[in-house]
Visitor: 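Mind having a look at this structure? Questions to follow.
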Amino acid sequence: MSDIPLPPGASRALSPGSPPSPPASRWRIFSWTLFDFAQTAFSVIIITVVYSRYFTNRIAGGKQWLWGAAVSLSMICAAALSPPLGAVADYSRNRKGFLLLFALTCVAATSLLFFVTEGMVVAGFALFVIANIGFEGGLVFYDSFLPGITTRTSYGRVSGYGFAMGYVGALAVLLIVHMLLPPAADPAYLFYVRLSFVVAAGFFLFFSLPLFVFVREPVTTTPAPPSYIRAGLARSGKTFRAIFIRREYPSIARFLVAFFIYNDGILTVIAFAAIFADKTLGMSDEAIIVFFAIVQTSAVAGSLVFGVVTDLIGPKKTITMTLALWIAIAVSAYFVASVGAFYAVGFGAGVAIGSCQSASRSMMALLTPREREAEFFGFYDGLCGKASAVIGTFLFGLISYLTNNQRLSILSVGVFFIVGFILLQRVDDTRAVQSQ
């Protein structure tokens, strides 16, 4: 099997032999995007704004490397699980079942974080790892629904709708938590900090329900094997060799390598932005929440605008533009000295993160063979998405620990964007794969 060249300008057309894309349903698309709306409650409250700082300052005694290690370990586990589980989900025709399992795992572990108090390093570390495996592992199955709910010519904007809804959800849960938290001097302040973890879990659970009710399992003609697990492991291994060793999918292979590099930078920014604001700039809790509200607001605009741009000019050019913006943001963050300047950097980061993630998901959906979406998204979200968070987060925490200078860590993140930018230029986005 090999890539089949398409005429110039036909990168979003159906490749020969591919089954026709299903008709778009606004209600199915809306229900799908609501899951993005729901799950970002975990991302923004646990990973980015509240728990990352609570764990670092209150549980781990200021040891940032422990937070980096927790993020890295959870990503390694999710990366290892994602490709074989994606293949199993394709065979079993039960992507929603797997998505529900991972989502409930995340919700349960996040709720239990309420009981983690100062000094409970092992419990705080282990529960976060479990919760993040549930969160990140579920993304494989969620993203794999994209090719089945809309047409290939609309992947960009529908992916953008999903990310935009996610950032709206993040804004909503930030507002709830902002109203929930009393002044930091209040004796009950830490109780309400821990209560915010329960709020995030409940938000995730409630708003994810429409997907499981209204979004259909993709139609497949793949025969069911006698053993899903054995078949999933065998197929994911075969696909790994086809992509990265035999190079049967050169466009996918090149894109995944580039994505691995630049996504590492993005995930590192998400994991350490609040800690940077706290430790380097001395921002208050309220100022940090305002900062992330700015980030989420600009990310909504970035997702929507660049979703349309992706369908007009193609995902490769869109990602190239956003990586150039990321490089400028990393340099600016190194020199930032005031809260106002950091707000401006946050606005740019929001536009960059919304547009880059949306366009990247569109690129993968465009290149993925039909009826193997969960399997191939297992490599995109898992092996190259989750595993990519290991290097950057570990280096950021380690450099900060060794030098006591987070600005140097910021520069290390910029290197990932530069390398990703260079590697992306080798991806041929005028080629599409043929369905097996």
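Note that these values count all heavy atoms, side chains included, but never hydrogens, waters or copies made by symmetry. On a predicted model such as this, the values are computed, not experimentally measured, just so you know.
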Visitor: Closest approach of Ser31 and Val215, non-hydrogen atoms and distance?
Guide: CB-CG2, 4.0 Å
Visitor: Under the side chain to side chain contact (heavy atoms under 4.5 Å, CB included) rule, what do Arg426 and Val257 come out as? Steps first, then yes or no, please.
Guide: CA-CA 10 Å; Arg426 298 181 64 245; Val257 172; over 6 Å; no
Visitor: Checking the side chain of Thr105 only, and the main-chain atoms of Gly134 only, is there a donor and an acceptor separated by less than 3.5 Å?
Guide: no
Visitor: Atom CD1 of Ile327 and atom OG1 of Thr322: how far apart are they, to the nearest 0.5 Å?
Guide: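 If I round to the nearest 0.5 Å, the distance is 10.0 Å.
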Visitor: Within this structure, what is the CG-CZ distance for the pair Leu205 and Phe42, rounded to the nearest 0.5 Å?
Guide: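 The CG atom of Leu205 sits 14.5 Å away from the CZ atom of Phe42.
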Visitor: Does NZ in Lys317 sit with more than 12 non-hydrogen atoms of other residues, nucleotides or ligands closer than 6.0 Å?
Guide: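 Counting other residues, nucleotides and ligands, NZ of Lys317 stays at 12 neighbours or fewer.
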Visitor: State whether the number of non-hydrogen atoms from other residues, nucleotides or ligands found under 6.0 Å of Arg407 atom CZ is greater than 12.
Guide: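 Yes, the 6.0 Å shell around CZ holds more than 12 heavy atoms from other groups.
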Visitor: With the side chain counted from C-beta on, respond yes when Ile45 and Val199 share a heavy-atom pair under 4.5 Å apart, and no when they do not.
Guide: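 Side-chain contact under 4.5 Å: no.
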Visitor: Taking it one step at a time, do Tyr192 and Tyr189 satisfy ring-ring contact (aromatic ring centres under 6.0 Å, His included)?
Guide: CA-CA 5 Å; Tyr192 286 100; Tyr189 179 75; 8.6 Å; no
Visitor: Do Thr368 and Tyr380 get their side chains close enough for a donor-acceptor pair, meaning under 3.5 Å?
Guide: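 Per modelled atom types, Thr368 and Tyr380 side chains form no pair under 3.5 Å.
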Visitor: Go through the side-chain N and O atoms of Asn57 and Lys279 and say whether any donor and acceptor fall under 3.5 Å apart.
Guide: yes
Visitor: To the closest 0.5 Å, what do you measure between OG (Ser74) and CZ (Phe125)?
Guide: 8.0 Å
Visitor: How about Met75 and Leu267: do any of their side-chain heavy atoms sit closer than 4.5 Å?
Guide: yes
Visitor: Do you know which of Phe145, Phe102, Tyr142 makes ring-ring contact (aromatic ring centres under 6.0 Å, His included) with Phe35?
Guide: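 Exactly one option meets the ring-ring contact (aromatic ring centres under 6.0 Å, His included) with Phe35, and it is Tyr142.
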Visitor: Could you pull out the closest heavy-atom pair between Ile294 and Tyr343, with the gap in Å?
Guide: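 It is CD1-CG, 3.8 Å.
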Visitor: Does some side-chain heavy atom of Val50 sit less than 4.5 Å from a side-chain heavy atom of Val193?
Guide: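 Yes, close enough: below the 4.5 Å cut-off.
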Visitor: Could you please spell out the steps behind the side chain to side chain contact (heavy atoms under 4.5 Å, CB included) verdict for Phe128 and Ile46?
Guide: CA-CA 8 Å; Phe128 170 77; Ile46 304 302; 3.8 Å; yes
Visitor: With a 4.5 Å limit on heavy-atom distance, are the side chains of Val44 and Tyr167 in contact?
Guide: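 Val44 does not reach Tyr167 side chain to side chain.
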Visitor: Of Leu256, Val140, Ile252, which meets side-chain contact (heavy atoms from CB on, under 4.5 Å) against Phe379?
Guide: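 Filter result, single survivor: Leu256.
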Visitor: If you look at every heavy atom in Ser52 and Ile275, which pair is closest and at what distance?
Guide: O-CD1, 4.2 Å
Visitor: Looking at every non-hydrogen atom in both residues, tell me the closest pair between Ser111 and Ala201 and how far apart they are.
Guide: OG-CB, 3.2 Å
Visitor: Distance from Cys106 atom SG to Glu136 atom CD, nearest 0.5 Å?
Guide: 9.0 Å
Visitor: Please round to the nearest 0.5 Å and tell me the distance separating atom OG of Ser412 and atom CG of Leu395.
Guide: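 So the OG of Ser412 and the CG of Leu395 are separated by 6.0 Å.
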Visitor: Grab the two heavy atoms, one from Ser338 and one from Val336, that are nearest each other, plus how far apart they are.
Guide: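 Taking Ser338 first and Val336 second, the nearest heavy atoms are O-CG2, 3.7 Å.
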Visitor: Are Phe37 and Phe203 close enough that their ring centres sit under 6.0 Å apart?
Guide: yes
Visitor: Run the side chain to side chain contact (heavy atoms under 4.5 Å, CB included) test on Phe417 and Ile266 for me, step by step, so that the C-alpha distance in whole Å, both residues' side-chain angles and the decisive distance to 0.1 Å come before the verdict.
Guide: CA-CA 8 Å; Phe417 297 130; Ile266 294 173; 3.7 Å; yes
Visitor: Atom CZ of residue position Phe212 - does it have more than 12 heavy atoms of other residues, nucleotides or ligands inside 6.0 Å?
Guide: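 Check passes, neighbour count above 12.
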Visitor: Treating Tyr51 as the side-chain partner and Gly124 as the backbone partner, does any N or O pair qualify as donor plus acceptor under 3.5 Å?
Guide: yes
Visitor: Less than 4.5 Å apart, side chain to side chain, heavy atoms only: is that true for Leu181 and Leu195?
Guide: no
Visitor: Do Val173 and Phe204 make a side-chain contact, defined as non-hydrogen atoms from C-beta onward lying under 4.5 Å apart?
Guide: no
Visitor: Within a 6.0 Å radius of atom CZ on Phe244, are there more than 12 heavy atoms belonging to other residues, nucleotides or ligands?
Guide: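 Above 12, so yes.
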Visitor: Show the numbers, then the answer: is there a side chain to side chain contact (heavy atoms under 4.5 Å, CB included) between Cys384 and Asn263?
Guide: CA-CA 8 Å; Cys384 295; Asn263 191 59; over 6 Å; no
Visitor: Okay, side chain of Thr280, backbone of Ala277: is any donor-acceptor separation there less than 3.5 Å?
Guide: no
Visitor: For Phe347, I'd like to know if atom CZ has over 12 heavy atoms of other residues, nucleotides or ligands within 6.0 Å.
Guide: no
Visitor: Ignoring hydrogens and angles, state whether a donor on the side chain of Ser409 or Ser400 is under 3.5 Å from an acceptor on the partner side chain.
Guide: yes
Visitor: Are the aromatic ring centres of Phe396 and Phe272 under 6.0 angstrom apart?
Guide: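 Yes: the rings meet the under 6.0 Å criterion.
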Visitor: Do Asp143 and Met364 come close enough that some side-chain heavy atom pair is under 4.5 Å?
Guide: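 Contact flag for Asp143/Met364 side chains = no.
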Visitor: For Trp326 and Phe416, I'd like to know if the aromatic rings sit close, meaning centre-to-centre distance below 6.0 Å.
Guide: no
Visitor: Quick test of your reading of the model: are Asp285 and Arg53 salt-bridged, counting only N-O distances below 4.0 Å?
Guide: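 Here Asp285 pairs with Arg53 in a salt bridge, since their nearest N and O are under 4.0 Å apart.
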Visitor: Can you name the nearest heavy-atom pair linking Ala131 to Thr110, along with the distance?
Guide: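 Heavy-atom minimum between the residues: CB-OG1, 3.7 Å.
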Visitor: Asp36 side chain to Met165 main-chain N or O, any donor-acceptor pair under 3.5 Å?
Guide: no
Visitor: Hey, can you tell me if Phe55 and Trp67 have their rings parallel, tilted or perpendicular (30° and 60° cut-offs)?
Guide: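 Tilted, since the angle between the ring planes falls between 30° and 60°.
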Visitor: Could you tell me whether the side chain of Trp65 reaches within less than 4.5 Å of the side chain of Leu398, counting heavy atoms only?
Guide: no
Visitor: Supply the atom-to-atom distance Gln39 CD to Leu211 CG, rounded to the nearest 0.5 angstrom.
Guide: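 Result: 10.0 Å between the selected atoms.
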Visitor: With distance as the sole test, does Ser358 use its side chain to make a donor-acceptor pair with the main-chain N or O of Ser355 at under 3.5 Å?
Guide: no
